[in-house]
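Notes follow the structure.
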Number of protein chains: 2
Amino acid sequence: MTNPVFIRDLTSPECPIRNVLARIADKWSLLVLYTLSQQNDPMRFKALQRAIPDISQKMLTSTLRTLEQDGFIVRKAYAEVPPRVEYQSTERAASLMPHLNALFGWAIDHMQSILRDREVYTAKGNES
Amino acid sequence: MTNPVFIRDLTSPECPIRNVLARIADKWSLLVLYTLSQQNDPMRFKALQRAIPDISQKMLTSTLRTLEQDGFIVRKAYAEVPPRVEYQSTERAASLMPHLNALFGWAIDHMQSILRDREVYTAKGNES
DNA sequence: CAGTATCCTTGGTGATACTG
DNA sequence: CAGTATCACCAAGGATACTG
């Protein structure tokens with residue numbers, strides 16, 4: 001809708017890259033968004049942790065809070081014992097995912113050759 | 001070309017998100033890739049620094065090295081005094097940029113409403 | 001189960017100084 | 001100009017223990 005902003009000054013706090021993308025594109029957020037998009041059902045905290053085994057409880061919590069803050073997910077707590085909390089992605093996330101999926105696809109397609117380049121690069125660095 | 005890999009195990013070192021995207025999608029790399037894609041001519045070190053004023057020399061250097069390692073940019077040093085070094089994006093970067101640009105566009109379009117949601121969220125947190 | 005609270009570590013980052 | 005080297009710092013992140 002509103003589209004007056006452009007990336008004139010990369011330093012500006014208005015810079016969409018710094019202000020929006022940097023909060024999505026970190027390691028954990030990408031993995032959480034990807035995981036939630038795979039199931040299209042809401043997921044429980046524990047289920048997310050199982051899907052991303054090496055994320056700590058603390059990091060999962062804070063990642064979820066940030067995503068919730070920016071309207072990518074909704075947190076629903078049920079007054080049960082034991083407690084049940086479900087996270088589901090929003091319309092906003094749905095509109096973002098095609099672009100992220102395109103990126104994931106690109107990464108899958110190019111990973112092998114990137115890894116090869118990386119090897120060549122370090123090999124060159126180590127030769128006498 | 002080769003597309004046998006998929007994201008079964010997010011923990012795997014073969015995970016394209018962790019292995020490829022995480023190295024692109026950090027704050028500085030995104031800004032450098034964006035800047036280089038704006039000029040389609042090669043850019044000098046100093047020019048990049050001017051475009052991203054708050055990046056330190058050290059961070060710019062290491063970001064450029066990582067991007068070079070993964071084949072997104074090529075570094076060309078000219079044997080002159082004073083030295084001249086130019087960085088230009090590669091075919092690989094060119095194939096990536098449309099996806100990143102889509103992401104930038106999305107961020108521009110949604111930034112305002114995201115900022116609004118963020119305000120609402122913190123307001124709710126602070127109310128008694 | 002789904003967290004919060006606390007402590008503690010470490011590496012990402014900046015600042016400064018120096019060099020080819 | 002385009003870096004490298006060094007030091008220093010602080011916040012991101014992990015580990016552990018505790019709680020509604």
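To find a chain, count down the sequence lines: A is the first, B the second, and so on, and within it residues start at 1.
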Notebook entry, point to check: Does B:D70 come within less than 4.0 Å of A:R116, counting only side-chain N to carboxylate O?
Noted result: no
B:D26 CG to D:dG13 P, in whole Å, measures 12 Å
With a sphere of 6.0 Å drawn around CD of A:E91, does it hold more than 12 non-hydrogen atoms of other residues, nucleotides or ligands? no
Whole-Å distance, B:L48 CG to D:dC1 C1', equals 13 Å
To the nearest angstrom, the CE-C1' distance between A:M43 and C:dC1 comes to 15 Å
From CD1 of B:I52 across to C1' of D:dA2 the rounded distance in Å is 16 Å
Item to complete: Mind checking B:E80 for me? I need base, sugar-phosphate or nothing, with any heavy atom below 4.0 Å counting as a touch.
Response: nothing
- prompt: Between A:R23 and A:Q69, does any side-chain donor sit less than 3.5 Å from a side-chain acceptor?
  reply: yes
Residue pair B:Q57/B:D54 against DNA chain C: nearer the 5' end by closest nucleotide is B:D54
Of A:W28 and A:P83, the one whose closest nucleotide on DNA chain D sits nearer the 5' end is A:W28
From the candidates C:dT13, C:dT4, D:dG3, the one with an atom nearest any side-chain atom of A:T61 is C:dT4
Rounded to whole Å, the NZ-C1' distance (A:K27 to C:dG11) equals 13 Å
Q | Donor-acceptor pair between B:R75 and B:Q88 side chains, under 3.5 angstrom | A | no
Output row for DNA chain C, stems defined as at least 3 consecutive Watson-Crick or G-U pairs under 3.5 Å, is C:1-20 with D:1-20
Checking C:dA2, C:dG14, D:dG14 against the side chain of A:S56 (C-beta onward), the nearest is D:dG14
- Message: What I want to find out is whether B:R92 reaches A:D117 closely enough, with some N-O distance under 4.0 Å, to be called a salt bridge.
- Response: yes
Output for pair (A:Y87 OH, A:T63 OG1), nearest 0.5 Å, gives 10.5 Å
From NZ of B:K46 across to P of D:dG3 the rounded distance in Å is 11 Å
Problem - Presence of B:R65 side-chain N/O under 4.0 Å of D:dT4 phosphate oxygens OP1/OP2 - result: yes
Taking for A:K58 and for A:L64 the nucleotide of DNA chain C with the nearest heavy atom, the one nearer the 5' end belongs to A:L64
B:K76 NZ to D:dA2 P, in whole Å, measures 16 Å
When rounded to whole Å, the CD to C1' distance for the pair A:E86 and C:dC1 reads 12 Å
Taken to the nearest 0.5 Å, the spacing of A:K46 NZ from A:L48 CG works out to 11.5 Å
- request: For A:N19 and A:C15, indicate whether the former's side chain and the latter's backbone hold a donor-acceptor pair under 3.5 Å.
  value: no
Just N and O in the side chain of A:R75: are any of them under 4.0 Å from OP1 or OP2 of C:dA2? no
#### Entry: OP1 or OP2 of C:dA2 under 4.0 Å from side-chain N/O of A:R44
yes
*With a 4.0 Å cut-off on heavy atoms, is A:Y87 in touch with a base, just the backbone sugar-phosphate, or nothing at all?*
sugar-phosphate
